[in-house]
Amino acid sequence: MRAMIMDALAEPLEVREVEAPTAPAGGVVVEVHATGLCKSDWHAWVGHDDVSLPHVPGHELAGLIVEVGEGVQRWSVGDRVTVPFVMGCGACEWCLGGNAQVCPDQQQPGFTQWGSFAERVVLRAADTNVVRIPDGVSFEAAAALGCRFATAYRALTGRARVTAGEWITVVGAGGVGLSAVMIGVALGARVIAVDRTPAALEAARRLGAEHALVADGSDIAAAVHELTGGGSHVSVDAVGSAQTARDAVLSLRRRGRHVQIGLLPTADGMTSMPMARVIAWELDLLGSHGMAAVDYPEMLSLIESGALRPHDIIERVIGLGEAATLLPGMDSASPAGMTMIDPRRA
């Protein structure tokens, strides 16, 4: 099969022929029809994640099952499927309790194993992790769910528990940020989008953001407090830096809830937060790490009904060769939406 190969950290990527995988016991092989290009893939490429070389990135995917391993009960060749970017083991207390996204023995395509920037990918513990794609949902829309859209959905519904009429500040209007904007609007919240680029902010407005603030070094938190009459009820950092996390937390009103989605890589693994404000105003700091397969049906039903439209944030579809060129520059890119890859393209 053709795959995008990472032979060394932070070095050029190569698309070449490699041996196709076979289905392990309990797992399946999926022919990839769509896979998202995400900044998390850049983190793996640059060395922020511990990956074994040579490596194939890619963790947001959708496609057709082409091989079923021994012991798989729920799936057959030809099924249209997707998968969360965190695959649980299926046997531990967290998986059995419906929280596979924090499984201590988890596997992650594109990180702990070869990923979806290839014509085929292995999905393990398929009966726990694989999700059926409804006929009315495209492969591209389903692939968008694997990381960014599903992460934003659970962050706002399962973690922050957003209710209609609440103010939400979303810092960062890339793929996950625009997903959060769209979901917040669908929940009846009033959304403020923050980004450094006009194109991203315009996309946020099109998706229903009530206000759009340019991150140009000005006091974002003060602007949010003025717009909302005291601060947002919920904030989301969809970028993952000390500054964006700080802006998001300081934008909150008293007793507000902050959800951290963007990764925060630092040399020592620690990130400073305005904890004096957190204590004095009794703010909640919440992490969100994807969404388990068991939680997908509610989200998929909203997509089928048209209430949520993940396809609207897909900016373009490209092949593996162009993706190999784009991935190294994702730390400085300012996309106004998602880039989707079709590995079957020449």
Given 3.5 Å as the limit, does a donor-acceptor pair link the side chain of [X] with the main chain of [Y], or not?
X    : Y    : value
R344 : E31  : no
Q106 : V86  : no
R277 : L252 : no
T35  : I341 : no
R2   : P343 : yes
N129 : G88  : yes
D195 : A173 : yes
E60  : R148 : yes
Q260 : G262 : yes
W45  : S40  : no

Are side-chain heavy atoms of [X] and [Y] found at a separation under 4.5 Å?
X    : Y    : value
V194 : T244 : no
V130 : V72  : no
F149 : I183 : yes
R345 : V317 : yes
M1   : V18  : yes
I192 : E210 : no
H55  : W114 : yes
T169 : V236 : no

Atom of [X], atom of [Y] and distance for their closest heavy-atom approach:
X    : Y    : answer
C92  : C89  : N-SG, 3.4 Å
P310 : L145 : CG-CD2, 4.1 Å
G229 : R253 : O-NH2, 4.2 Å
M87  : V122 : CE-O, 4.4 Å
L285 : V249 : CD2-CG2, 4.1 Å
R74  : D127 : NH1-O, 2.7 Å

Rounded to the nearest 0.5 Å, what's the gap from [atom1] on [X] to [atom2] on [Y]? Could you check?
X    : Y    : atom1 : atom2 : value
L283 : M275 : CG    : CE    : 9.0 Å
E202 : L207 : CD    : CG    : 10.0 Å
I303 : H311 : CD1   : NE2   : 12.0 Å
L327 : C38  : CG    : SG    : 9.5 Å
T325 : E322 : OG1   : CD    : 7.5 Å
D79  : I65  : CG    : CD1   : 5.0 Å

Assess the residue pair I313 and S179 against the criterion (side-chain contact (heavy atoms from CB on, under 4.5 Å)); give the C-alpha distance rounded to whole Å, side-chain angles, the decisive distance to 0.1 Å, and a yes or no. CA-CA 7 Å; I313 63 172; S179 299; 3.1 Å; yes
List in chain and number order the residues that pass side chain to side chain donor-acceptor pair (under 3.5 Å) with D295, two or more places apart in sequence or in another chain; answer none if no residue qualifies.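 Partners of D295 by the side chain to side chain donor-acceptor pair (under 3.5 Å) criterion come out as none, since no residue qualifies.
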Considering residues at least two apart in sequence or located in another chain, which fulfil the side chain to side chain donor-acceptor pair (under 3.5 Å) criterion with D312?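 So D312 forms a side chain to side chain donor-acceptor pair (under 3.5 Å) with R309.
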For Y296 and R132: C-alpha separation, side-chain torsions, deciding distance, then whether side-chain contact (heavy atoms from CB on, under 4.5 Å) applies. CA-CA 9 Å; Y296 269 62; R132 190 178 307 278; over 6 Å; no
[X], [atom1]: over 12 other non-hydrogen atoms inside 6.0 angstrom:
X    : atom1 : value
E17  : CD    : yes
R159 : CZ    : yes
E226 : CD    : no
D50  : CG    : no

hydrophobic_cluster_shared for [Y] and [X], side chain cutoff 4.5 Å:
X    : Y    : value
F117 : V83  : no
L286 : M291 : yes
V66  : V28  : no
L250 : I168 : no
L9   : L13  : yes

Show your working on salt bridge (charged side-chain N to carboxylate O under 4.0 Å, His left out) between D7 and R16 and close with a plain yes or no. CA-CA 12 Å; D7 289 308; R16 63 175 185 258; 2.9 Å; yes
Between the side chains of D41 and H59, does any donor sit under 3.5 Å from an acceptor?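 The criterion, which ignores hydrogens and geometry beyond distance, is satisfied for H59 and D41.
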Starting from V214, walk the hydrophobic network (Ile, Leu, Val, Met, Phe, Trp, Tyr; side-chain heavy atoms closer than 4.5 Å) and list everyone else you reach, by chain and number.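 Answer for V214: L201.
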Yes or no on ring pair (Phe, Tyr, Trp, His ring centres under 6.0 Å) for H48 and W42, after CA distance, side-chain angles and deciding distance? CA-CA 9 Å; H48 293 157; W42 177 85; 5.6 Å; yes
For L64 and R80: C-alpha separation, side-chain torsions, deciding distance, then whether side-chain contact (heavy atoms from CB on, under 4.5 Å) applies. CA-CA 5 Å; L64 291 173; R80 303 173 74 245; 3.6 Å; yes
Report the relative orientation of the aromatic rings in F139 and H33; use parallel for angles under 30°, tilted for 30 to 60°, perpendicular for over 60°.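 Rings of F139 and H33: tilted, 30 to 60°.
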